[in-house]
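Below, chain A is the first sequence line, B the second, and so on; all start at residue 1. All values reported here derive from a predicted model rather than from experimental measurement.
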Amino acid sequence: MTNEELKIKLTELQPAATFQEGGEWVTINVEVADWLAFAGQLRQEEALFFDYLFCLTCVDWKTHLTMVYHFSSTKYRHNMVVKIKLDRNKPEVETVSHIWRTAEFHEREVYEMFGVNFLNHPDLRLLILPDGWEGKNPLRKDFDDPVNMIKL
Amino acid sequence: MKHTVDKETTLLNESQAPFAGSGEVPYDRYGDTSAGIALGDGDFQINFGPQHPATHGVLHLVITLNGETIKKVEPHLGYIHRSIEKMCESLTYRQFIYVTSRMDYLSAHINNHACALAVEKGLQVEVPARAQVIRVLMDELTRIASHELWWGAMAMDLGAFTPFFHAFRERESINDIMEETCGARLTMNYMVPGGVMHDLHPNFQKRVKEFLQLYKRKIHEYDELVTGNVIFQNRMKGVGYLSAEDAIAYGVSGPSARGSGVSSDIRKLYPYEIYDKLEFDEVLEIAGDSFARYMVRINEMHQSIRIIEQLIDNIPEGDFQAKTKNVLKLPKGDFYTRVETARGELGVYIVSEGGNTPYRIKFRSPGFSNLSVLDHMARGSKIGDLVAMMGTLDLVIPDIDR
Amino acid sequence: MNGSTIIFYLLAAFTLAFGMLAVTARQIFRSAIYLLFTLVGIAGIYFWIDYEFIAAVQIVVYVGGIVVLIIFSVFLTHQAGEKLPKQLLSRKIFGALAAFCGFALVLLQVFQHEFAVVGKDVPSPTVKDIGSKMLGTDHGGYALPFEVISMLLLAAMVGCIVIAMRSRPEEKEPANSK
Amino acid sequence: MWSFSQIANEIHEWLSKTFNPTWTLIIEMVLAGVAVIGLFAVLGLILVIMERKVSAWIQIRLGPNRVGPKGLMQSMADTVKLMVKEGLTPTGADRIMFNVAPIIAMIVAMLLLAPIAFARNFQLWDLNIGVLYVSCVSSLMVISVLMAGWSSNNKYSLLGAMRSGAQIVSYELSAGLSILTIIVFVGDLQVSKIIASQETGWWIFKGHIPAIIAFITFLIAVTAETNRAPFDLAEAESELTAGFHTEYSGMKFALFFLAEYVNVFIVCAIGATLFLGGWMPFHIGNWTDFNHVMDYIPSSVWFFGKTFFLIFVIMWFRWTFPRLRIDQLLNLEWKYLLPISMINLLIATLMAIMGWHF
């Protein structure tokens, strides 16, 4: 499916969503509340068939957080990006680890690095950071560690 | 890091750490009723690592065993996490590439390549033909070197020591080529935005041809020593089965996915540089077990040799680097590039705010996703099999921890 | 007292000492190991009286077989490393009494029995003679008991296999099969 | 020409002339003890340097080449290193068992040296159950491994010990059966008689195919019994770090190490005695002239030559094959080696009864 066809199809599924122009791939902005249903559609809709979640990450914009999901279909070889805006003080989003199992590890990474709480995640605990880590989430912009971080 | 101290003390009793979510388990993950299997009668946990001969680095797996049978594998990461993503946020677009050589240190060239491609995509710079060919040559040499090391180390995991030395015989000559060309043997830092750092050494072609000859003379030893061995095949066949659906769902990429019959070679699917003009095959095996993954890597070495043979006499003349500004500034927006490293798909996601440093950078490392499938694969098999699985997943720990 | 007697007393002391330790040890694994030394000591006594074949059988069957089995079963229990609870005094007394009674009975038999001196035609304990006696069907041959015992062992073996087979279908390996 | 038996006889005569019989016996026992300990140490040194050189040769590298001429003193240097190292005992370990285990390993290995005929008429103890003695005493080997594994209070060690126990107990069977094949041909257990029966030819040639099958089974089984690769599951370093001796260091570790090498020597010596004629020179039927020429080579050279050839073969195994998995290891024994050696024993018995062997 070409990018234009994808856009039409996605608009059918999510009329409220907006598209972000300029990128190489179709980039869609989705509301947090719609995410779980939309994710299921992305995976199950026969024409879309996004079965390969190859990148899951988060960006701290100081005012809000943005979840970024990169999808690919191994059947049709089309790609797309989903962005979800989260509240920075209470970031919560539904997990997709039951749809794409790779999300389980990636979400755990985002959980500890950005403090995003993934609802209904089966095993949400620290993966990389040492146990008992208390304090801020390292990849947020306001994180400061005067001992280990070297500023250039 | 000052925090790592308490990690070791709390290892054993953290398997039941509290959920941060709602506390409910939304789905039956692997046919179990809970995410963490409670220790049953006769079960015990062992710490596989952080210092263990089979993990090739500081990987720490907590394994729940019943006798010799594995019930659960739980990776604990972070022992060598350097937070490269955070570091890159304070480095300029010229500087951050050098850090990435330290991620997957066996594919240093390819990591640099991915970053250079991302920056070039943002700047919309056209890379000269000569630089493209040099880059591909270097990538393929790196791929062979990486697979050689994997081959030796994997055989060593299975208890055969000799292949390691045979693999290093060939790997040494690649390293010599690297040393002559870029002055480094492991962390090369040769690729820069716009091309490569400096031109090839005059001896390069001669050396590569010598290597090709050596490789062709010696490669049959690999099959004689390991591939055809009955014990080896028994250890590998049917072990660590991974179906194509699971491979995709877990985000497995690279040779590990191709062993399950998932076409995932970025060089073929989303060609970069001159890969679309080259003749080579994507190696696919459908068995999905450890032996299939093994065969994929062995055959990939042959394909890389094929690519090098096509290019080595046809390096075009011209610039080795495009003209770029002294201070690189990417336009506002996000840029994603993916390349095929020796381990799988490496993605570089740069979010730019228009400054001379990335606002946020994310490396989608193949090892991280490949590791996540280990638990799924290993359940129900023996400890010895776990070693074979880890061997054929080809885990490089700095790549997982970044 | 000649050298041979000294060796006998050394072996006997060794056997008895480890026998005592096997009974008094508080850790079950240690107890098994001490039992093993006791059995080795007995094998040593067999060697001392030139009954080499019997000594070898003692080691193969008891030390190499039974004690290893005991140790395995100790490993499979959970309390292998913990100390056993202290025995009750009454049990200790009764145990000592029972041991003493057994000892007294044996001693009584040894003193009462008239040990007849056998003539020169005693069969030598070589492997060949033991073998032909074991399978001999003439007078003094042990073919029937030998066969009966081997049938018994066969039955035991079949029983073991049946018990082991029963739990098999449940634990099919899930991840391995294609 | 000198020979071991000559030296031994001269010592014996001199001692009996100077002392009374009791003292002669005691001094001879002490001498034998010193000789065994000396042999133990020398064998350890030689086999370690041999292993390193053989592995280096197989792995296209040089091996130790700095200490002494061609690195031959390397194992001396290693010994010194191991001796001055601290022998740690873990806090949670069962101290007595932990420290006794390596000593037992060594005692068992020393006991096994007794019935081996090193040269013509040169044997410590020619007891009439010779070969049976070896197979029964070698079954004690497993005890030291189990003790070490359990007392270390380490899960890796315990797993290693369990594996080793299962392995040694199973492989004893086929090792025993393949030894029996030759005993059936000879009709005696005594080492000296087994060797004497091979005057006209070694059993591997005289015994037709059953002897060859028995020889192969024997080699596989003893490799497993001595915990050597590809059967080194008890210490599988890529799975169990070091298995049953994970917690050992310094001299305690060195004793396990030595015992392993001496065990390899012993099983190879037994193999050489049973199948390759022990110290018996290479004789062919009634070619008297040829046999005379062969007799000129000292019997000790024959014995050590054959033994070290077998040791080389076992080292060759180690540096070539990958390790088996535990279930494959047990399958190999119970499903293949044991039935094969049982049937083989039956055939051999039939041959011995019918007199079909040479």
query = Considering heavy atoms only, which positions within residues 162-169 of chain D lie below 4.5 Å of chain C?
reply = D/Met162, D/Gly165, D/Ala166, D/Val169

request  = May I ask you to name which of D/Val100, D/Val137, D/Val142, D/Leu158 has the most heavy-atom pairs under 4.5 Å with chain C?
outcome  = D/Leu158

request  = Go through D/Leu132, D/Leu140, D/Asp188, D/Ile129 and name the one with the most non-hydrogen pairs under 4.5 angstrom from chain C.
outcome  = D/Ile129

ask   = Got a sec: does the OH of C/Tyr46 have more than 12 other heavy atoms crowding it under 6.0 Å?
value = no

Name the atoms and distances for all side-chain donor-acceptor pairs under 3.5 Å in residues 145-159 of chain C, with sequence neighbours left out.
from, atom 1, to, atom 2, distance (Å)
C/Ser150, OG, C/Phe146, O, 3.2
C/Ser150, OG, C/Glu147, O, 2.7

ask   = Which distance, rounded to the nearest 0.5 Å, do you find between the CZ of C/Phe53 and the SG of D/Cys136?
value = 10.5 Å

query = Should C/Ile71 and D/Ile143 count as side-chain neighbours, where that means a heavy-atom distance under 4.5 Å?
reply = yes

query = Given a strict heavy-atom distance threshold of 4.5 Å, which part of D/Ile26 is in contact with chain C: side chain, backbone, both, or neither?
reply = neither

key: Toward chain C, the part of D/Met147 with a non-hydrogen atom under 4.5 Å   = both

key: Pairs of heavy atoms under 4.5 Å with chain D: top-ranked of C/Val67, C/Ile59, C/Val57, C/Val40   = C/Ile59

ask   = Take atom OH in C/Tyr142; do more than 12 heavy atoms of anything else shown fall under 6.0 Å from it?
value = no

request  = Mind checking the CD1-CD1 spacing from D/Ile104 to C/Ile33? Nearest 0.5 Å is all I need.
outcome  = 6.5 Å

ask   = Can you say whether D/Leu189 sits under 4.5 Å from chain C via the side chain, the backbone, both, or neither, judging by heavy atoms?
value = side chain

